[in-house]
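Values below: every heavy atom of this structure, side chains too, minus hydrogens, waters and symmetry copies.
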Amino acid sequence: MSAAETAPPRTPHSPLVAFGAIMLATLLAALDQTIVATALPKIVSDLNGFEHLSWVVTAYLVSSTVTVPLYGKLSDLYGRRRLFLVAITVFLAGSALCGAAQSMGQLIAFRALQGIGAGGLIPLSQAAIADLFPPRERGRYQGYVSGMWAIAAVAGPLLGGTLSDHASWRWIFYINLPLGLLALVVVMRTMPTQTQIREHKIDYLGAALLSGAITAILLATVWGGTSYPWGSWEVIGTGAAGVGLALAFGLVERHVQEPLLPLELFRNRIVSVSCAAGLVIGALLFAVTIYAPVYMQDVLGSSATNSGALLIPLSAGWVVASIIVGQLIARTGRYRVFPIIGSTLVLFGVVLLTLLDTSSTLATVSAYLVLVGVGMGTMFQVYVIAAQNAVDPSQIGVTTGQINFFRSMGGSFAVAGLGALLTARLGVELVKQLGNAGKRIDPNNVVQSGAGHLPARIADGVNTALSNSLHSVWLVCLPVAALGLVLALMLEERPLRRHVAPSESQERQQRQRQAEPVS
């Protein structure tokens, strides 16, 4: 347990009860990243704002991404419990407001608020596991947490599609309320509180610069090729501003007393490789869970409910693989081989996705996704375990926050960049397949509702155009998946500790007490 936190209530099963709250919090955050995907067509149809569709997802990802490092840092200072309560409360408020939104502008703003809360749930969960269990045992429990991501990867689209088809898209947000309230109660009753807070300074300037940099870069990515040409001053200027803010952030972090992202941690090879792998995993995860349902619904004609159900094999492979890997890490103390196996399976799965066309079947798509699911389950949490084992326990919160920050950033860039790519390629493919008739078809409407609303004489051409455009998306994912394998090969292996090691500050305090004369 961290230096500044007291022991949890002394009951025989209290660590497992606290772990239950951790799993529930992880499920909440992960579910909300996936549940919106299959409901987006109904949302934009109801609120009349397709041109802002990507921001329903991007606003959530941006706000959750920029708050992740701050939550990680503050949890090292104030303890996990306080930050958990804040994160869950903000998340619930955002969820309730999203369900009541009456316009796309309101929904985007409330999704951003929801993301501010969600930004703390996952890194705080992983850091709390590090407080409760030693690295050697941590793999077993991280495997179960990874299973929550797998369940969310399938339950999210399935619930989103089912609720959109048979009730209302608003329930995809209201469903968070009872789960969140339960998590709030369990956290308050089982997680330890902090007794001492060391002197510190919060890096507000760094947080502001980082938020501005990510937002500007994402705006340039979303606008490019859709709202504005790639060579326009709007795109170039916004992108340049993002790069400039990122450079300023790097300079600030070198000189502040309490940096938001301590740059010296990146000198640790395990941490730097794990952060880079988080970027890749986030990008691939969101690419698959968002654009595979688009393919199944708009190209193959599946309903939102069925496309969600066809992701179940992905979830099953993920859950089984993550639990098995967690058990093997706990027994052997070895972890490096699992990211290598997992990234290889994901790469092979993406290769197969590039082979999809209008003649493919739903069963074929689902089978390909099994490989991706098993691969993700094999490697998803291993990088967190390796990085936590490689740093001083006093830096577990900020290190975990960094990995999740890069994972969220990868997802943000994937959603924005791949969405812009899909729309741009679709416009070209429509003209290629249908000639002048293709110029009169709005690519946004095709992505929103497929070709079912179009005359039969051009529907085939539209389906082919959309299939070819999605093929471009999978081709872009291919080198990203290959990079994931390279990073797995670069990961260094160190023996996993069998106990929760004291932090450097704890050891100094213990030496000082031993040196004090007995009165």
Side-chain angles (χ1 to χ4, degrees), residues 26 29-30 33 61-62 64-73 115 118-127 129-130 138-139 142-143 145-146 148-150 152-153 210 214 217-218 246 260-263 265-266 268-289 318 322 325 335-336 338-340 342-343 346-347 372 375-391 395-415 417 477 479-492:
T26 301
Q33 291 183 358
L61 289 174
V62 170
S64 63
T65 298
V66 300
T67 53
V68 164
L70 189 58
Y71 276 114
K73 182 67 177 179
L121 298 182
I122 294 173
L124 292 176
S125 297
Q126 293 173 337
I129 290 175
R138 210 170 289 162
Q142 290 282 19
V145 169
S146 179
M148 294 298 99
W149 276 88
L210 182 62
I214 294 174
I217 293 172
L218 278 172
L260 185 65
L261 290 179
L263 299 181
L265 280 180
F266 289 103
N268 184 318
R269 180 174 174 178
I270 293 179
V271 173
S272 59
V273 168
S274 297
C275 288
L279 190 76
V280 169
I281 290 171
L284 293 174
L285 174 62
F286 281 91
V288 171
T289 56
W318 190 327
S322 63
V325 167
Y335 58 80
R336 182 175 179 268
F338 300 113
I340 295 174
S343 56
V346 170
L347 175 59
V372 178
M376 285 289 184
T378 303
M379 68 175 173
F380 194 79
Q381 296 294 337
V382 176
Y383 289 105
V384 175
I385 297 170
Q388 288 178 343
N389 184 65
V391 300
Q395 296 179 313
I396 281 179
V398 69
T399 301
T400 306
Q402 284 190 29
I403 296 173
N404 283 278
F405 164 72
F406 281 98
R407 185 182 296 166
S408 296
M409 192 165 64
S412 300
F413 290 151
V415 170
C477 292
V480 178
L483 176 60
L485 177 56
V486 172
L487 291 169
L489 293 170
M490 293 173 60
L491 183 65
E492 177 186 342

Check: Which atom names give the shortest non-hydrogen contact between L489 and I340, and what distance separates them?
Finding: CD2-CD1, 3.8 Å
Check: Say you draw a straight line from OH of Y335 to CD1 of I385; how long is it, rounded to the nearest 0.5 Å?
Finding: 10.0 Å
Check: Which pair of heavy atoms, one from L284 and one from M376, lies closest together, and at what distance?
Finding: CB-CE, 3.9 Å
Note to self: Can you give me the closest heavy-atom contact between L487 and V273, atom names plus distance?
What the structure shows: O-CG1, 3.4 Å
Checklist line | Smallest separation among heavy atoms of P339 and L491, with atom names | finding: CG-CD2, 4.0 Å
Next item on the list: With the side chain counted from C-beta on, respond yes when V346 and M379 share a heavy-atom pair under 4.5 Å apart, and no when they do not.
Entry: yes
Notebook entry, point to check: Can a cation-pi geometry be assigned to R407 and F380, taking NZ or CZ under 6.0 Å from the six-membered ring centre and within 45° of the ring axis?
Noted result: yes
Note to self: With a 4.5 Å cut-off on side-chain heavy atoms, are I270 and S274 touching?
What the structure shows: yes
Next item on the list: Calculate, to the nearest 0.5 Å, the distance between atoms CZ and OG belonging to F338 and S322 respectively.
Entry: 12.0 Å
Notebook entry, point to check: Which one of T399, I403, T400 satisfies the side chain to side chain contact (heavy atoms under 4.5 Å, CB included) criterion with Q388?
Noted result: T400
Next item on the list: Would you check, one step at a time, whether the test side chain to side chain contact (heavy atoms under 4.5 Å, CB included) holds for L210 with F405?
Entry: CA-CA 11 Å; L210 182 62; F405 164 72; 3.8 Å; yes
Next item on the list: Kindly give the heavy-atom pair with the smallest separation between G115 and T67, and that separation in Å.
Entry: O-OG1, 4.0 Å
Check: When rounded to the nearest 0.5 angstrom, what is the spacing between CG in N268 and CD in E492?
Finding: 7.5 Å
Next item on the list: Kindly compute the distance separating CD1 (I281) from OH (Y383), expressed to the nearest 0.5 Å.
Entry: 5.5 Å
Notebook entry, point to check: Would you say the side chain of V382 lies within less than 4.5 Å of the side chain of R336, judging by non-hydrogen atoms?
Noted result: no
Next item on the list: Identify the two heavy atoms, one from C477 and one from A287, that lie closest to each other, and give their separation to 0.1 Å.
Entry: SG-CB, 3.6 Å
